[in-house]
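Chain identifiers are assigned alphabetically (A, B, ...) following the order of the sequence lines, protein sequences preceding nucleic acid strands; residue numbering begins at 1 within each chain. Values in this document were obtained by computation on a predicted structure and should not be read as measured data.
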Number of protein chains: 2
Amino acid sequence: MMGTAPTAAPASVTEKLATIGFGLTPQRHQVYQVLLDRPDHPTAEEVFFRAKETRPEISLATVYNCLDALVRCGLVNQVNVDRSATRFCPNMREHTHFFCEGCGGIFDLDLTAADALGGLEMPRGFKAMHLELSVRGLCRDCISRQTG
Amino acid sequence: MMGTAPTAAPASVTEKLATIGFGLTPQRHQVYQVLLDRPDHPTAEEVFFRAKETRPEISLATVYNCLDALVRCGLVNQVNVDRSATRFCPNMREHTHFFCEGCGGIFDLDLTAADALGGLEMPRGFKAMHLELSVRGLCRDCISRQTG
DNA sequence: CTATATGCAAATAGTTTGCCTGTTA
DNA sequence: TAACAGGCAAACTATTTGCATATAG
């Protein structure tokens, strides 16, 4: 049930998946491609609908499995906003997320938490390993919609 | 079905609830008290079990409703860690959460994101309204457990 | 031929809602 | 006795899992 192998799978994707003992299947390729095509941080369900345009037989469970594999092998990041559905992001550069309170959009900002937080000291005894910074506010469009 | 009114309800709690048109019921008081008693960021279910020790008849749905009221009126903060159950925090000072990867504990750090991020500039057109900073790492106990 | 992965459907976790009843002002 | 709230159970959403089948190597 694996269909045809993708014609031009970037070696790195295959290699990345191999690091967790997984192969590159057409579905995994398709799911990753959907994320690359429009990096607007879709939910699993949104990925499912977009992937179906190309592979109508793909199932939601498979999309979840593929996303999980892509996350585990380091090709994709998960973005959790409150309790709503997890969103997915193929941008693996360290960056900050901007959540627009107006339209609900998520934008990538080229800010690293580490840069911004250079002077930050942890309390004695705590060891910080990963800083995560998120920003809420209004995006360009929502601001002009408000003022205009 | 409201039982006995709490003997010494701080006026501020009553007032806060009033701002959203809600009264202070014994259950709401109890749920808030549970959070104050041990500010270890329990889940709704954990709050439920602790509240039952004092009011065995309280229901989980009521705990959810009470927590929701407390959050909406500004007495309690929600803390979302990945997809796991929402945790609750009665500390309304601006602060940063430290997530221990060792024990899963959540600790309040007296760091404000705003202080740390004074120099941060948003891309042109974006308006930052709320910065949220979270830190992952190892807490004191987990470090000594590792080394020791 | 065998390991791996898919698709489907059922299960699960966390949370919310509807409805009826009880309590308080 | 009206308005508000609680308790219970059912509903709901997002996600995961079990299982039979299909495919690639």
Side-chain angles (χ1 to χ4, degrees), chain A residues 1-7 9 13-14 17-32 41-49 51-52 54-73 76 78-88, chain B residues 1-7 9 13-14 17-32 34 41-49 51-52 54-73 76 78-88 104:
Chain A
M1 200 176 273
M2 289 188 202
T4 319
T7 39
V13 176
T14 309
L17 282 165
T19 63
I20 56 164
F22 280 41
L24 176 59
T25 65
Q27 287 84 345
R28 287 174 190 155
H29 181 258
Q30 176 66 32
V31 163
Y32 187 51
H41 306 82
T43 63
E45 200 175 36
E46 282 160 356
V47 171
F48 171 57
F49 288 128
K52 279 227 284 206
T54 305
R55 318 195 115 259
E57 78 288 1
I58 201 171
S59 77
L60 181 55
T62 295
V63 169
Y64 272 106
N65 288 334
C66 291
L67 287 168
D68 184 56
L70 292 167
V71 167
R72 296 222 318 271
C73 79
V76 165
Q78 283 180 302
V79 184
N80 287 298
V81 195
D82 303 324
R83 298 251 86 222
S84 58
T86 302
R87 294 169 173 279
F88 298 87
Chain B
M1 198 176 273
M2 289 186 198
T4 319
T7 39
V13 177
T14 310
L17 282 165
T19 63
I20 56 164
F22 280 42
L24 176 60
T25 65
Q27 286 83 348
R28 286 174 191 155
H29 181 257
Q30 176 67 31
V31 164
Y32 187 51
V34 162
H41 307 80
T43 63
E45 200 175 35
E46 282 161 354
V47 171
F48 172 58
F49 289 128
K52 280 227 285 205
T54 305
R55 320 195 115 258
E57 79 288 0
I58 202 171
S59 77
L60 181 55
T62 295
V63 168
Y64 272 106
N65 288 334
C66 291
L67 288 168
D68 185 56
L70 292 167
V71 167
R72 297 223 318 272
C73 79
V76 165
Q78 282 179 303
V79 185
N80 288 297
V81 194
D82 303 325
R83 297 253 86 221
S84 58
T86 303
R87 293 168 175 278
F88 298 86

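Taken to the nearest 0.5 Å, the CG atom of D68(A) stands 12.0 Å off from the OG1 atom of T62(A).
Phosphate contact (OP1/OP2 of dT13(D), side-chain N/O of R83(A), threshold under 4.0 Å): absent. Contact between the side-chain N/O atoms of T43(A) and the OP1/OP2 oxygens of dA14(D) is not found at any separation under 4.0 Å. Taking 4.0 angstrom as the limit, T62(B) places none of its side-chain polar atoms (N or O) nearer than this to OP1 or OP2 of dG6(D). Between T25(B) and the phosphate of dG6(D), there is a side-chain N or O to OP1/OP2 separation shorter than 4.0 Å. At the phosphate of dT16(C), neither OP1 nor OP2 sits under 4.0 Å from any side-chain N or O atom of Y64(B).
Looking only at distances, a side-chain donor or acceptor of R83(B) sits under 3.5 Å from a matching main-chain atom of R83(A).
Comparing A61(A) and A61(B) by the nucleotide of DNA chain D that holds the closest heavy atom to each, the one mapping nearer the 5' end is A61(B).
Going from atom CZ of R87(B) over to atom C1' of dT15(C) covers 15 Å, rounded to whole Å. When rounded to the nearest whole Å, the span between CZ of R72(B) and P of dT16(C) equals 11 Å. Here dA24(D) presents its P atom at 14 Å from CZ of R28(A), a figure rounded to the nearest Å. Whole-Å rounding puts the E57(A) CD to dA5(C) P distance at 17 Å. Between the C1' atom of dG6(D) and the CG atom of D68(B) lies a distance of 15 Å, rounded to the nearest Å. Note: CG (L70(B)) to P (dA5(D)) measures 12 Å, nearest angstrom. Across the protein-nucleic acid pair, L24(B) atom CG and dA5(D) atom P stand 10 Å apart, rounded to whole Å. Rounded to whole Å, the distance from CD on Q27(A) to P on dC8(C) is 11 Å.
The N65(A) side chain lies nearest to dT17(D) when the options are dA9(D), dG7(C), dT17(D). Comparing dA5(C), dT15(D), dT6(C) against the side chain of C66(A) picks out dT6(C) as the nearest. If you check dT15(C), dA5(D), dT15(D) against the side chain of L60(A), the one that comes closest is dT15(D).
Proximity of V31(A) to L67(A): side-chain heavy atoms (C-beta onward) are separated by under 4.5 Å at one or more points. Residues P26(B) and R55(B) meet the side-chain proximity criterion, which asks for heavy atoms closer than 4.5 Å.
Residue contacts for S84(B): at a heavy-atom cut-off of 4.0 Å it reaches no nucleic acid atom on any strand shown.
Of the residues listed (Q78(B), H41(B), E46(B)), the one engaging F88(B) in a side-chain contact (heavy atoms from CB on, under 4.5 Å) is Q78(B), and it is the only one.
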